[in-house]
Amino acid sequence: LASSSLSRKSILKNCGFNFVQVKPKCDEEAIKKQIKKKSKPETIAKVLSFQKAMSVSKNRKYFNHSVIGCDTLICLDNQIFDKAKNKKEALSKIKKLSGKKHKIISSLTICKKGLKIWECSETTVVEIRKLTTKQIEKYLKNSGKQILQSVGCYQLEALGPQIIKDIRGD
């Protein structure tokens with residue numbers, strides 16, 4: 001698994017996979033800046049998942065292994081959200097999402113021997129309930145620090161269902 005994500009690690013572990021988690025060596029922010037202005041969010045997610053998988057696949061230690069790279073973006077009105085750096089920023093992001101629908105774009109790439117062997121992408125539409133500042137603050141307090149690891153400041157596998165009104169897609 002070419003990822004430092006605790007959520008992705010948990011998903012694969014819960015599925016019973018035997019795997020090694022390796023932090024990919026790619027500068028996500030530089031890649032985003034390079035392609036952001038001329039690419040759709042779906043393309044950005046694909047490129048990032050590919051770059052993550054490839055960075056580990058090219059490593060001699062993992063060359064003969066299947067390497068999974070993933071990326072998830074959240075997009076509201078063509079604005080791509082990055083992870084919040086702190087709770088104040090998380091509050092601001094959830095306020096922007098409050099009462100609105102946004103897209104979650106997830107891409108997954110598998111590489112082996114330095115070659116892409118498979119990729120897929122999925123777009124899901126999520127609607128966040130209309131929330132007051134007080135409700136958001138309570139949610140963030142109950143969610144803990146790990147909420148800053150999620151690009152939309154919510155996790156479907158944790159307390160996210162408390163603020164999610166609807167999900168359309170996979």
Side-chain angles (χ1 to χ4, degrees), residues 1-15 17 21 23-24 26-52 68-109 119-170:
L1 175 61
S3 174
S4 54
S5 166
L6 296 176
S7 295
R8 289 192 175 100
K9 178 182 178 181
S10 178
I11 290 167
L12 289 181
K13 196 174 192 178
N14 290 341
C15 288
F17 287 105
Q21 186 174 21
K23 184 176 181 178
C26 67
D27 186 344
E28 287 187 57
E29 293 310 311
I31 294 168
K32 280 182 192 176
K33 284 179 185 173
Q34 183 181 7
I35 64 173
K36 201 175 204 176
K37 290 182 178 158
K38 56 188 172 196
S39 299
K40 294 179 182 180
E42 292 84 355
T43 303
I44 295 168
K46 281 183 181 182
V47 169
L48 288 170
S49 72
F50 170 75
Q51 291 294 335
K52 291 173 186 180
I68 299 171
C70 305
D71 194 70
T72 300
L73 298 176
I74 285 189
C75 185
L76 173 68
D77 302 326
N78 291 321
Q79 177 191 3
I80 295 173
F81 281 47
D82 292 316
K83 290 179 183 171
K85 293 174 182 66
N86 53 50
K87 292 277 183 139
K88 183 179 177 183
E89 205 173 290
L91 179 90
S92 173
K93 287 181 187 289
I94 295 175
K95 275 185 176 181
K96 285 181 185 176
L97 296 172
S98 175
K100 297 178 185 156
K101 293 180 182 179
H102 63 278
K103 292 180 184 177
I104 300 176
I105 302 155
S106 298
S107 290
L108 184 142
T109 303
E119 82 174 353
C120 70
S121 290
E122 186 72 35
T123 299
T124 303
V125 177
V126 175
E127 184 176 359
I128 300 295
R129 297 179 197 286
K130 183 72 175 152
L131 302 164
T132 65
T133 299
K134 199 172 198 171
Q135 289 171 315
I136 297 169
E137 288 170 344
K138 181 180 177 185
Y139 166 76
L140 290 171
K141 181 182 177 192
N142 292 338
S143 295
K145 273 192 210 177
Q146 77 273 7
I147 206 65
L148 300 178
Q149 298 301 311
S150 298
V151 74
C153 303
Y154 63 86
Q155 297 169 319
L156 295 172
E157 67 278 12
L159 299 179
Q162 293 179 1
I163 65 168
I164 295 170
K165 182 177 180 179
D166 190 37
I167 300 173
R168 299 284 174 188
D170 198 358

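Computed from a predicted model, the values in this text were never measured in an experiment.
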Is any side-chain heavy atom of [X] closer than 4.5 Å to a side-chain heavy atom of [Y]?
| X | Y | result |
| --- | --- | --- |
| F17 | I11 | no |
| Q146 | Q155 | yes |
| L76 | F81 | yes |

Spacing of [atom1] belonging to [X] relative to [atom2] belonging to [Y], to within rounding of 0.5 Å:
| X | Y | atom1 | atom2 | result |
| --- | --- | --- | --- | --- |
| E42 | T123 | CD | OG1 | 4.5 Å |
| K83 | I74 | NZ | CD1 | 11.0 Å |
| R168 | D166 | CZ | CG | 4.0 Å |
| T109 | I68 | OG1 | CD1 | 10.5 Å |
| C70 | L48 | SG | CG | 11.5 Å |
| I80 | S39 | CD1 | OG | 9.0 Å |

Legend entry - Residues K87, E137: salt bridge by 4.0 Å N-O rule: no
Legend entry - D71 with K46: basic N within carboxylate O range, under 4.0 Å: no
Legend entry - N86 CG: over 12 foreign heavy atoms closer than 6.0 Å: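 Yes, because the 6.0 Å sphere around CG of N86 holds more than 12 heavy atoms from other groups.
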Inset, instruction - Taking atom NZ of K100 as the centre, report whether more than 12 heavy atoms of other residues, nucleotides or ligands fall under 6.0 Å from it. - result: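 More than 12 heavy atoms, drawn from other residues, nucleotides or ligands, come within 6.0 Å of this atom.
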Going by distance alone, is a donor N or O of one side chain under 3.5 Å from an acceptor N or O of the other, for [X] and [Y]?
| X | Y | answer |
| --- | --- | --- |
| K95 | T133 | yes |
| S106 | E122 | no |
| S49 | S107 | no |

Inset, instruction - Could you tell me whether the side chain of H102 and the main chain of L97 form a donor-acceptor pair under 3.5 Å? - result: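 Here the side-chain-to-backbone pair does not exist.
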Legend entry - Heavy-atom closest contact (K23 atom, S4 atom, distance): CG-CB, 4.3 Å
